[in-house]
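A short write-up of the structure that comes next.
Remember, it's 1-based here, ligands and their atoms both numbered in the order they're listed. Index from 1, following the sequence. Every value quoted in this text rests on a predicted model; they were computed, and no experiment measured them.
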Amino acid sequence: MSTIQIKKINKANLNNRIVIVSGDKDIAAIGLSKEQSAFVKNQIKLEKKSITVNTYDGFIFIYIIENKKTHFLTLEQCRLAGNGFLGAINSQKITKIQVEDISRKNLETLAFVEGLALGNYQFIKYRASAKNETNSLNTIEVLSEGISKSEIELLGIQVDAVYLSRDLVNEPLSFLTAAQLGKEVQKMGKEAGFKVDVFNKAKIESLKMGGLLAVNKGSIDPPVFITMEHKPKGAVNKKPYIFVGKGVVYDTGGLSLKPTEGMATMKCDMGGAGAVAGALYAIAKANLPVWVIGLAPVTDNRPDGNAVVPGDVITISDGTTVEVLNTDAEGRLILSDALVYAQKYDPLFVVDLATLTGAAARAIGRYGIVALGTATDDFDKLKASGNQVHERLVEFPLWDDYSELLKSDIADIKNIGGITAGATTAAKFLERFTTYPWVHLDIAGPAFLDAPDAYRGKGGTGSGVRLLFDFIRTKAEV
Ligand code: BES
Ligand code: ZN
Ligand code: ZN
């Protein structure tokens, strides 16, 4: 994994620095020469917010905090600005940069550092020229009176978790089979200190997880079901929070085969499982006093002589029969077994994350996460976290009217609705298997990007990690 160090320092000591200021009045505190000062003032007149001063000893990068319509949008602007300096930093082969908070705006500075750190991510392990292409920046030092050491540490943990989650999404099936994903999560558990159990096919059979087994029927690789647990002493909650992630390591569509263009990026279809593993990593590493469980049903989805065929009837672990009319609507089949499994914990609140429908991606693009659910208070809190970290939730209806679209002639339900409201019918399917407050997050839009989008990068974005970590942080109040 590529990584970046973020640490707090107490004394300015580098030639290459970034200063964060709130306006003209802070410029004097930077310590610029007369000429440099004149240059900066001129840039400010031109309404520049990001300014580069080339001193003889190095570079001073200046960011003037730009106030947007809301505080959340101002924070996002700071992340974008942090990312915006990376081109200059890496092209100058700078390895270490100091970020000095002259503005005394703690949250803005943290957001800026976050954008800088997240934007520096690369996935180049399969390239012969990886050594020459590696970004030079590897350390960010933060000089700020108002930001505590532990806040900086939490940011570092969060960035590491997003990196790990992106790595998992970016890994192709040639490496990341279901069993391998189990091993990777085990490694993450060892490193961060959370418990991981990987159920094999025999165990999955004994649990009668008919959804996961049906999707796996066409595969040469066995499925796994991963459980993760962070249960600290003195947790604030008596019942657990549970995160469930769709772990389709590759989605060909099965016999309802996807066309080539639609299939090419389908290594991303375990993005939900990647987000859950990343979130557990951050929560455990930060040792937040909250009991959290992660669940991930994992398999690939392929056509084969033995694959499930459109028209087959399968039985989910709670006994519900499903007529599988489209083998490409596989995510809901494996998730339903996981949602049933979650019932045994009597959870406080369950969130599932899944690259579930093209419909969600078409509706809102990469800009947010489609959310539907039955929870009330915690749904609002999750939305608040979404605004805080700029992984915004858009609530879609979960009206009962949509249930009729899932009626089957021969089984309890079928696995597809009509041509409309695809994200909702998928969620209505999942809702049947929930007996607790629940929210479903369809991350099909933001989880994987074909073109770079600022600090979110290109390829796997780690969508959902920062959202879940922030949500649990608010429970822990740190
Ligand atoms: N993994 C896909 C959804 C997806 C599409 C994720 C685009 C990321 C980007 C999912 O399994 C799928 O194929 N869904 C079908 C459902 C349909 C057959 C009811 C879809 O959205 O077309
Ligand atoms: Zn599919
Ligand atoms: Zn899928």
Side-chain angles (χ1 to χ4, degrees), residues 169-170 173 176 178 181 211-212 214-219 223 244-275 296-303 307-312 322-338 352-370 372 396 402 405-406 408 413-430 440-451 458-464:
V169 173
N170 288 328
L173 179 66
L176 200 76
L181 180 54
L212 180 54
V215 175
N216 183 255
K217 266 182 83 185
S219 178
V244 179
K246 172 178 173 182
V248 173
V249 285
Y250 199 87
D251 184 10
T252 68
L255 285 171
S256 311
L257 199 64
K258 285 183 183 293
T260 309
E261 322 81 69
M263 197 192 296
T265 57
M266 279 302 135
K267 66 176 183 181
C268 79
D269 214 18
M270 39 54 69
V298 188
T299 178
D300 55 346
N301 180 28
R302 286 197 200 231
V308 64
V309 302
D312 271 353
V322 180
E323 187 183 9
V324 179
L325 288 174
N326 188 323
T327 64
D328 197 12
E330 84 296 342
R332 61 199 75 183
L333 303 177
I334 69 169
L335 285 169
S336 56
D337 279 325
D352 79 77
L353 297 92
T355 46
L356 203 62
T357 67
R362 280 191 296 277
I364 64 164
R366 62 173 158 80
Y367 304 96
I369 296 174
V370 170
L372 313 94
F396 276 23
Y402 292 99
L405 297 170
L406 292 172
S408 161
I413 41 171
K414 56 182 170 142
N415 78 328
I416 47 167
I419 51 164
T420 58
T424 288
T425 49
K428 284 311 276 184
F429 185 99
L430 298 179
H440 159 63
L441 301 178
D442 196 327
I443 56 171
F448 190 91
L449 306 179
D450 293 325
K458 188 177 170 177
T461 59
S463 175

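- In this structure a side-chain-to-backbone donor-acceptor pair under 3.5 Å is missing from Asp442 to Ala360.
- A distance-only check finds no donor-acceptor pair linking the side chain of Ser463 to the backbone of Ile443 [under 3.5 Å].
- Around the Zn ion (ligand 2), the protein atoms of type N, O or S that sit closer than 2.8 Å are Asp251 OD2, Asp328 O, Asp328 OD1, Glu330 OE1.
- Under the ring-ring contact (aromatic ring centres under 6.0 Å, His included) criterion, Phe429 pairs with Phe433, not counting sequence neighbours.
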Considering only N or O atoms, set out every pair between ligand 1 and the protein closer than 3.5 Å, with distances to one decimal place.
unit_1	atom_1	unit_2	atom_2	d
ligand 1	1 (N)	Lys246	NZ	3.4
ligand 1	1 (N)	Asp251	OD2	3.2
ligand 1	1 (N)	Asp269	OD1	2.9
ligand 1	1 (N)	Asp269	OD2	3.0
ligand 1	1 (N)	Thr355	O	3.3
ligand 1	11 (O)	Lys246	NZ	3.2
ligand 1	11 (O)	Asp251	OD2	2.9
ligand 1	11 (O)	Asp328	O	3.0
ligand 1	11 (O)	Glu330	OE1	2.8
ligand 1	11 (O)	Glu330	OE2	3.1
ligand 1	13 (O)	Lys258	NZ	2.8
ligand 1	13 (O)	Asp328	O	3.1
ligand 1	13 (O)	Asp328	OD1	2.8
ligand 1	13 (O)	Asp328	OD2	3.1
ligand 1	14 (N)	Leu356	O	3.4
ligand 1	21 (O)	Gly358	N	2.7

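- Checking side-chain atoms of Asp300 against main-chain N and O of Ser219 turns up no donor-acceptor pair under 3.5 Å.
- Classification of Lys258 and Asp328 as a salt-bridged pair holds, one side-chain N sitting under 4.0 Å from a carboxylate O.
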Can you list, pair by pair, the side-chain donor-acceptor contacts under 3.5 Å of residues 263-273, counting residues two or more places apart and other chains?
unit_1	atom_1	unit_2	atom_2	d
Lys267	NZ	Asn170	O	2.7
Asp269	OD1	Lys246	NZ	3.1
Asp269	OD1	Thr355	OG1	2.4
Asp269	OD2	Lys246	NZ	3.1

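- In this structure the side chain of Pro310 reaches within 4.5 angstrom of the side chain of Thr327, judged on heavy atoms.
- One distance of note links CG of Leu176 with CG of Leu181; it measures 5.0 Å at 0.5 Å rounding.
- Two residues are said to be in side-chain contact when any heavy atoms from C-beta on lie closer than 4.5 Å; Leu356 and Leu430 meet this criterion.
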